[in-house]
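Both counts, for ligands and for their atoms, begin at 1 and track the order of listing. Scope of the values below: all heavy atoms of this structure, side chains included, with no hydrogens, waters or symmetry mates.
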Amino acid sequence: MEKGTKPPARFSKGLLQTEELYNYVLETSVYPREPEPLREIRDVTAAHPRAMMSTAPDAGQFMAMLLKLVDAKKTIEIGVFTGYSLLLTALAIPQDGKIIAIDMNREAYDIGLPVIKRAGVEHKIDFIESEALPVLDQLLQDSRNDGSFDFAFVDADKVNYWNYHERLMKLLKVGGIAVYDNTLWIGSVAMPEDETPEILKAGRQATLELNKLLAGDHRVQLSHVPLGDGITICRRVY
Ligand SMILES: C[S@@+](CC[C@H](N)C(=O)[O-])C[C@H]1O[C@@H](n2cnc3c(N)ncnc32)[C@H](O)[C@@H]1O
Ligand SMILES: O=c1cc(-c2ccc(O)cc2)oc2c(O)c(O)ccc12
C-alpha cells in the first residue's frame, strides 16, 4: 500500500480473517443477544460522522460478561462518545451501582442520553465533561477512592492510556479490572512503519508503546484479546 493512502475496506472493526467471518459472529452470537437499548443506541449513532468510534458490539458483549464476572458496582469510563459502552456498563451493574463517565465533549453523549433515560439507568451515571486526567487526579486527592473501583474502561486519546493506567492502578481495588480499547489499532501495530497509512501513525506508535509497557507491568495479570479493534484486560494483582 502507498504511504498515506486511505486504509482499504478490510480494515473494519473486526480483525478476523474476513468481513464475512466477522459478520457471522455478529449475526450468530452478538446481535440476537444484544439488549434492545444497545441496538437503539447503535441506531441513533449510525448517522454520526464518527459512528465508527463506538465500541464494537462483540467487544461490548465480552465487557458485559467481565462486568458480571467481577460483580462490578463502582466503575469508571474514559471516553463516552454517544454512550454504547456506557449503556452496556449501566445495564450490567446493579441498581445501586455507579459509573463515573468522563468525556471532554458532551455533544455526542446528548445523542445517546434519551436512550439511556428510556432504559431506566441514568441514575447510575455521573457524567463529567472534562479532560480525563484532571478528573482522575481529583479522585486520587480523596483517599476514600483508593482501591475502591471494581472496573474501568478506557476508550479515549490513545497517547494518554499509560497515564490513565498509572492512576487506575491506584483507583482500582486488587482484583479489579481495567479494559483498554483499540490495543491493535486497526491492525496497524503489526504493519511496517513505512507502510502504515499516515492517518494511523500516531495511534500506532502510542499503542506499540502502551502494549510494551503493559506487558512488562507485574502489577497486573493481562490478556490481549483480538476482539473488536483489540482489547487488553488488566486485572490488578497487588
Ligand atoms: C472512541 S470514542 C469513545 C467511544 C465509546 N466508548 C462508545 O462506546 O461509543 C473516544 C471519546 O474520547 C473522548 N476523548 C478524547 N480525548 C479525551 C480526553 N483527553 N479526555 C476525555 N475524553 C476524551 C472523545 O471526545 C470521544 O468521545
Ligand atoms: O477512528 C477512531 C478514532 C479514535 C480516537 C481518536 C482520537 C482520540 O483522541 C480519541 C479517539 O478512536 C477510535 C475508536 O476507539 C474505535 O474503536 C474506532 C475508531 C476510532
Within reach of ligand 2, part of D155 (heavy-atom separation under 4.0 Å): side chain
Side chain, backbone, both or neither: W185 near ligand 2, heavy atoms under 4.0 Å: side chain
Residue portion contacting ligand 2 (non-hydrogen atoms closer than 4.0 Å) for A156: backbone
Taking atom 24 (C) of ligand 1 as the reference point, the nearest protein heavy atom with its distance: D103 OD1, 3.5 Å
Test: K212 and E209 ion pair at under 4.0 Å: no
Pair Y109 and F127, ring centroids less than 6.0 Å apart: yes
Within the 6.0 Å centroid threshold, strictly below: Y180 and H165: yes
Short N or O distance, S85 and ligand 1, threshold 3.5 Å exclusive: yes
Nitrogen or oxygen atoms of S54 and ligand 2 under 3.5 Å apart: no
Test salt bridge (Lys or Arg N to Asp or Glu O under 4.0 Å) applied to R204 and E195, E193, E198, the passing residue: E193
Atom 1 (C) of ligand 1: the protein heavy-atom neighbour that sits closest, reported with distance to 0.1 Å: M53 O, 3.3 Å
N182 N/O to ligand 2 N/O under 3.5 Å: yes
Min heavy-atom dist F81 to ligand 2 below 4.0 Å: no
